[in-house]
Enquirer: 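This is the structure I want to talk about, given as structure tokens.
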There are 2 protein chains.
Amino acid sequence: MKNKVPEYRKIYGYSQDKLAEKLGVSRQTIISIEKGKYNPSLPLAMIMAKVFETNVESIFFLEEEDYR
Amino acid sequence: MKNKVPEYRKIYGYSQDKLAEKLGVSRQTIISIEKGKYNPSLPLAMIMAKVFETNVESIFFLEEEDYR
DNA sequence: CTTTATTGTAAAGGAAGCTTGACGTAAAAT
DNA sequence: ATTTTACGTCAAGCTTCCTTTACAATAAAG
């Protein structure tokens with residue numbers, strides 16, 4: 001699954017640290033999500049969408065590998 | 001987190017079993033999500049939205065408890 | 001040059017998502 | 001009356017998400 005978290009984060013001028021704080025998660029979580037190490041939980045993805053004033057599908061993108 | 005999975009599922013005339021098959025997960029997973037036992041993963045939520053021809057935010061709804 | 005800010009890696013452990021299998025109940029179909 | 005369909009519970013076990021802690025690299029700022 002690809003994502004545009006870094007792009008949205010930069011638009012809002014947030015560091016990974018600040019975004020983590022805003023979302024109530026650790027900085028590691030942000031790094032891992034941005035790097036594609038794993039996907040955020042659904043609530044975290046939805047809170048992100050809210051913070052970035054958009055919807056989940058504008059930030060996260062399904063790929064082949066996501067279908068089983 | 002609340003959801004309208006049962007509503008969408010019935011609109012499409014799917015049993016839990018058939019929906020599970022369409023999504024590539026077990027029936028238990030559908031039951032647990034519908035009953036609010038736990039949240040789907042982000043990719044599963046997005047695949048659901050696709051199957052139901054809508055977006056994630058129309059099926060799943062953040063609540064107070066989702067913010068930490 | 002030293003400090004500070006930002007991004008990154010690694011690893012261990014806890015919490016949440018998902019699977020499989022077995023079993024129970026109720027309603028509809030034959 | 002028996003079978004089938006649909007929904008549900010419980011439990012064990014694996015995988016994925018997320019946390020914390022510690023350490024490293026780079027670049028910009030003082």
Side-chain angles (χ1 to χ4, degrees):
Chain A
M1 183 129 98
K2 289 227 170 78
N3 75 78
K4 291 190 173 160
V5 175
E7 285 86 340
Y8 277 98
R9 181 167 61 76
K10 280 159 197 166
I11 288 173
Y12 283 78
Y14 296 151
S15 64
Q16 293 176 336
D17 208 29
K18 190 164 184 178
L19 178 59
E21 190 188 347
K22 276 204 173 287
L23 298 172
V25 296
S26 69
R27 186 173 63 96
Q28 256 313 313
T29 296
I30 303 300
I31 291 175
S32 299
I33 290 168
E34 288 194 357
K35 289 263 143 186
K37 281 200 163 191
Y38 55 68
N39 303 315
S41 68
L42 179 56
L44 181 51
M46 292 182 73
I47 294 170
M48 268 196 187
K50 239 186 159 183
V51 165
F52 292 145
E53 299 172 295
T54 184
N55 54 328
V56 168
E57 281 88 349
S58 298
I59 307 178
F60 298 96
F61 306 91
L62 285 174
E63 292 179 296
E64 271 306 323
E65 54 180 12
D66 296 313
Y67 297 90
R68 299 141 239 199
Chain B
M1 182 130 98
K2 288 227 172 79
N3 74 80
K4 291 190 174 160
V5 174
E7 286 85 340
Y8 277 98
R9 181 167 62 75
K10 280 157 195 165
I11 289 172
Y12 283 78
Y14 297 150
S15 64
Q16 294 176 333
D17 208 29
K18 189 163 185 179
L19 178 59
E21 190 187 346
K22 276 203 174 289
L23 297 172
V25 296
S26 70
R27 187 172 63 94
Q28 254 314 311
T29 296
I30 303 300
I31 291 174
S32 299
I33 290 168
E34 288 194 358
K35 289 264 142 186
K37 282 200 163 193
Y38 55 67
N39 302 316
S41 66
L42 178 56
L44 182 50
M46 293 183 73
I47 294 171
M48 268 195 187
K50 241 187 158 182
V51 164
F52 292 145
E53 299 172 295
T54 185
N55 53 329
V56 169
E57 281 89 348
S58 298
I59 308 178
F60 299 96
F61 306 90
L62 284 174
E63 293 179 296
E64 271 306 323
E65 53 180 11
D66 296 313
Y67 297 89
R68 296 143 242 197

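So you know, we letter chains A, B, ... as the sequences are listed, proteins then strands, and number each from 1.
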Enquirer: Find out whether B:L19 and B:V5 are in side-chain contact, i.e. whether some heavy atom of one side chain is under 4.5 Å from a heavy atom of the other.
Expert: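 Of all side-chain heavy-atom pairs linking B:V5 with B:L19, at least one is under 4.5 Å.
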
Enquirer: Let me know, please, whether A:E34 or B:S26 comes out on the 5' side of the other along DNA chain C by nearest nucleotide.
Expert: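 Result: A:E34.
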
Enquirer: How many whole angstroms separate atom NZ of A:K37 from atom P of D:dC17?
Expert: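 So the two atoms are 12 Å apart, to the nearest Å.
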
Enquirer: Could you tell me how far apart B:I33 (CD1) and D:dC7 (P) are, to the nearest whole angstrom?
Expert: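 After rounding, the gap between these two atoms is 15 Å.
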
Enquirer: Would you state whether a donor and an acceptor, one from the side chain of B:Q28 and one from the base of D:dT9, lie under 3.5 Å apart?
Expert: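 Looking at the base of D:dT9, it does pair with a donor or acceptor on the side chain of B:Q28 (distance under 3.5 Å).
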
Enquirer: Do B:R9 and B:F52 have side-chain heavy atoms sitting under 4.5 Å apart?
Expert: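 Yes, their side chains come closer than 4.5 Å.
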
Enquirer: Both B:K10 and A:I30 contact DNA chain D. Taking the nearest nucleotide for each, which residue is further toward the 5' end?
Expert: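 Its nearest nucleotide lies further toward 5', so the answer is B:K10.
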
Enquirer: Heavy-atom distance under 4.5 Å between the side chains of B:M48 and B:L23, does that happen here?
Expert: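 The answer is yes, as the side chains (C-beta and beyond) meet within the 4.5 Å cut-off.
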
Enquirer: B:I31 has an atom CD1; how far is it from atom P of D:dC10, in whole Å?
Expert: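 Distance, rounded to whole Å: 12 Å.
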
Enquirer: Distance check: side-chain N/O of A:R27 vs OP1/OP2 of D:dA22, anything under 4.0 Å?
Expert: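 No.
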
Enquirer: Specify the separation, in whole Å, of atom OH of A:Y38 and atom P of D:dC14.
Expert: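 So the two atoms are 22 Å apart, to the nearest Å.
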
Enquirer: Looking across every strand, which nucleic acid part, if any, lies under 4.0 Å from B:S41 by heavy atom: base, sugar-phosphate, or nothing?
Expert: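 If one applies the 4.0 Å heavy-atom cut-off, B:S41 turns out to touch the sugar-phosphate alone, with no base involved.
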
Enquirer: Are more than 12 heavy atoms, taken from residues, nucleotides or ligands other than A:E7, located less than 6.0 Å from that residue's CD atom?
Expert: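 Yes, enclosed.
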
Enquirer: Side-chain N or O of A:N39 versus OP1/OP2 of D:dT16: is the shortest distance under 4.0 Å?
Expert: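 False: A:N39 side-chain N/O out of range (4.0 Å or more) of D:dT16 OP1/OP2.
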
Enquirer: OH of B:Y14 versus P of D:dC7: gap in Å, rounded?
Expert: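 About 14 Å, once rounded to whole Å.
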
Enquirer: Walking along DNA chain C from 5' to 3', note the first and the last nucleotide with an atom under 4.0 Å from a heavy atom of chain A, and give both.
Expert: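 The footprint of chain A covers C:dT7 to C:dA10.
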
Enquirer: Send over the distance from B:K18 NZ to D:dA6 P, rounded to a whole Å.
Expert: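 After rounding, the gap between these two atoms is 9 Å.
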
Enquirer: Under a single-linkage definition using a 4.5 Å side-chain heavy-atom cutoff for Ile, Leu, Val, Met, Phe, Trp and Tyr, are A:I33 and B:Y67 assigned to the same hydrophobic cluster?
Expert: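 A:I33 and B:Y67: one cluster.
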
Enquirer: Mind listing the side-chain donor-acceptor pairs of residues 24-31 of chain B below 3.5 Å, one per line with the distance, residues two or more places apart or on another chain?
Expert:
{"unit_1": "B:S26", "atom_1": "OG", "unit_2": "B:T29", "atom_2": "N", "d": "3.3"}
{"unit_1": "B:S26", "atom_1": "OG", "unit_2": "B:T29", "atom_2": "OG1", "d": "3.1"}

Enquirer: Roughly how many Å is it from NZ in B:K35 to P in D:dA6, rounded to a whole number?
Expert: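 These atoms are roughly 17 Å apart.
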
Enquirer: Let me know the distance between CZ of A:F60 and P of D:dC17, rounded to the nearest Å.
Expert: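 Result: 12 Å.
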
Enquirer: Following the transitive rule for hydrophobic clusters with a side-chain heavy-atom cut-off under 4.5 Å over Ile, Leu, Val, Met, Phe, Trp and Tyr, establish whether A:I11 and A:V56 coincide in one cluster.
Expert: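 Linked within one cluster.
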
